[in-house]
There are 2 protein chains.
Amino acid sequence: MRQPLDPDLFARCATVRTPIQIGDKWTSKIITCLLDGPRRFTELQVPLRGITPKVLTESLRAMERDGLVTRTVYDEIPPRVEYELTALGRTLLGPMAACCAWTREHLPELLDARAAYGAR
Amino acid sequence: MRQPLDPDLFARCATVRTPIQIGDKWTSKIITCLLDGPRRFTELQVPLRGITPKVLTESLRAMERDGLVTRTVYDEIPPRVEYELTALGRTLLGPMAACCAWTREHLPELLDARAAYGAR
DNA sequence: CGGTATCCACGGGGATACTG
DNA sequence: CAGTATCCCCGTGGATACCG
């Protein structure tokens, strides 16, 4: 819950476009980051290697708008903002798991098909 | 198997961007069209209301490249080409069903969240 | 710390017209 | 019939810089 996010959390994720996509480019990774409890903006930036603040803000705002996360501002100095998964956000975990299972099981076939297609 | 595709096959599909996406904009619909057997190019265009030939070609080529469909050319006049789901293509039916189930179950909450967000 | 403000490159997707 | 060929628009996402 309170341990920092692994900077290499997504190091072993497939770089190729998987056929199943949850939300925008970053949505599923953000959800993964929030699994163990609320996280701060800069905390999220760590495993999301190189994401720019603008893009992270856009993704988080879209998720907030759709009711997937809540955004809580604590009136302190320095400022503190925490993002947390909602119940609705958690309902995406099932589809996400199904997506990962599909990828584990069938990505090799897809890559084989691509290689075969490219070899003509 | 051999009956024509319903022109209104997707009439009742949600127009809003659902959070879960299979392939590109048309992939899941094309897969649905191919469920009962091979279909021809112009046959696919009917339920895919208004899709331009260029875009349909792009989607089908991408699916062929990824091993989701086969493209069979019959050397006749007039030309005949048939697209058919592969075994790999059929493996996406599970995730697609999960996606539809999620939408049926949770889309109202998402729309409520959007409405509430918009009302501030 | 948690963002905005600009600017920009790229790719998906659509409109229209033409062809083997 | 089953596409190509062009042209174009727009949204996503990245780079960079600045701010309360």
Side-chain angles (χ1 to χ4, degrees), chain A residues 4-5 10 13 15-30 33-34 38-66 68-84 114, chain B residues 2 4-5 7 10 13 15-30 33-34 38-66 68-84 114:
Chain A
L5 291 167
F10 303 112
C13 283
T15 57
V16 294
R17 283 259 307 156
T18 173
I20 315 176
Q21 176 98 1
I22 311 281
D24 70 12
K25 180 174 180 181
W26 300 98
T27 304
S28 57
K29 289 183 179 177
I30 291 174
C33 289
L34 296 178
R39 297 287 182 180
R40 305 176 64 167
F41 192 86
T42 41
E43 232 176 333
L44 293 173
Q45 281 185 301
V46 175
L48 270 25
R49 328 222 60 153
I51 191 175
T52 63
K54 183 200 130 196
V55 173
L56 180 54
T57 300
E58 283 170 356
S59 288
L60 287 170
R61 289 283 196 280
M63 294 174 72
E64 191 193 356
R65 185 177 114 96
D66 287 352
L68 305 181
V69 299
T70 56
R71 177 175 181 273
T72 309
V73 181
Y74 297 92
D75 205 356
E76 306 172 354
I77 294 173
R80 190 169 113 244
V81 177
E82 284 189 340
Y83 295 91
E84 186 168 16
R114 272 190 199 179
Chain B
R2 289 292 82 214
L5 290 167
F10 304 112
C13 283
T15 58
V16 292
R17 282 257 306 157
T18 173
I20 314 175
Q21 175 99 0
I22 311 281
D24 69 13
K25 180 174 180 181
W26 300 99
T27 305
S28 57
K29 290 184 179 176
I30 291 174
C33 290
L34 296 179
R39 296 287 181 180
R40 305 176 65 166
F41 193 86
T42 41
E43 232 176 332
L44 293 173
Q45 281 184 301
V46 175
L48 269 26
R49 328 222 58 152
I51 190 174
T52 63
K54 184 201 128 193
V55 173
L56 180 53
T57 300
E58 283 170 357
S59 287
L60 287 169
R61 288 283 195 281
M63 293 174 72
E64 190 193 357
R65 185 177 115 96
D66 287 352
L68 305 181
V69 299
T70 57
R71 177 175 180 273
T72 309
V73 181
Y74 297 92
D75 204 357
E76 306 172 355
I77 292 172
R80 191 168 113 244
V81 178
E82 285 190 340
Y83 295 91
E84 186 168 15
R114 272 190 199 178

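Numbered from 1 within each chain, the chains take letters A, B, ... in sequence-line order.
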Return no unless some side-chain N or O of [X] is found under 4.0 Å from OP1 or OP2 of [N].
X      : N       : result
Y74(A) : dG2(C)  : no
R61(B) : dA2(D)  : no
R71(B) : dG3(D)  : yes
R49(B) : dG14(C) : no
T42(B) : dA2(D)  : yes
K54(A) : dC7(C)  : no
Y83(A) : dG3(C)  : yes
R40(B) : dC1(D)  : no

Would you mind reading off the distance between [X] atom [atom1] and [N] atom [atom2], rounded to a whole angstrom?
X      : N       : atom1 : atom2 : result
Q21(A) : dG13(D) : CD    : C1'   : 13 Å
E58(A) : dG2(C)  : CD    : C1'   : 15 Å
I30(A) : dG2(C)  : CD1   : P     : 15 Å
R17(B) : dC10(D) : CZ    : C1'   : 14 Å
Q45(B) : dG14(C) : CD    : C1'   : 14 Å
L44(B) : dA2(D)  : CG    : C1'   : 12 Å
L60(A) : dG13(D) : CG    : C1'   : 15 Å
I51(B) : dA2(D)  : CD1   : P     : 14 Å

Of all heavy-atom pairs between L44(B) and P47(B), which one has the smallest distance, and what is that distance?
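Of all heavy-atom pairs spanning L44(B) and P47(B), the closest is O-CD, 3.3 Å.
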
Minimum heavy-atom separation for L34(A) to Y83(A), with atom names?
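Closest pair (atom of L34(A), atom of Y83(A), distance): CD2-O, 3.4 Å.
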
Can you tell me if [X] uses its side chain to pair, donor with acceptor, with the backbone of [Y] under 3.5 Å?
X      : Y      : result
E43(A) : V46(A) : no
S59(B) : L56(B) : no
E58(A) : R61(A) : no

Counting side-chain heavy atoms from C-beta on, which of dT4(D), dG14(C), dC1(D) comes nearest to K25(B)?
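In terms of side-chain proximity for K25(B), the closest of dT4(D), dG14(C), dC1(D) is dG14(C).
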
From dG14(C), dG20(D), dG20(C), pick the nucleotide closest to the side chain of P79(A)?
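Between dG14(C), dG20(D), dG20(C), the one nearest the side chain of P79(A) would be dG20(D).
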
Does P53(B) or D24(B) map to a spot on DNA chain C nearer the 5' end, using the closest nucleotide for each?
D24(B)

Answer with base, sugar-phosphate or nothing: what part of the nucleic acid does V81(A) contact at a heavy-atom distance below 4.0 Å?
sugar-phosphate

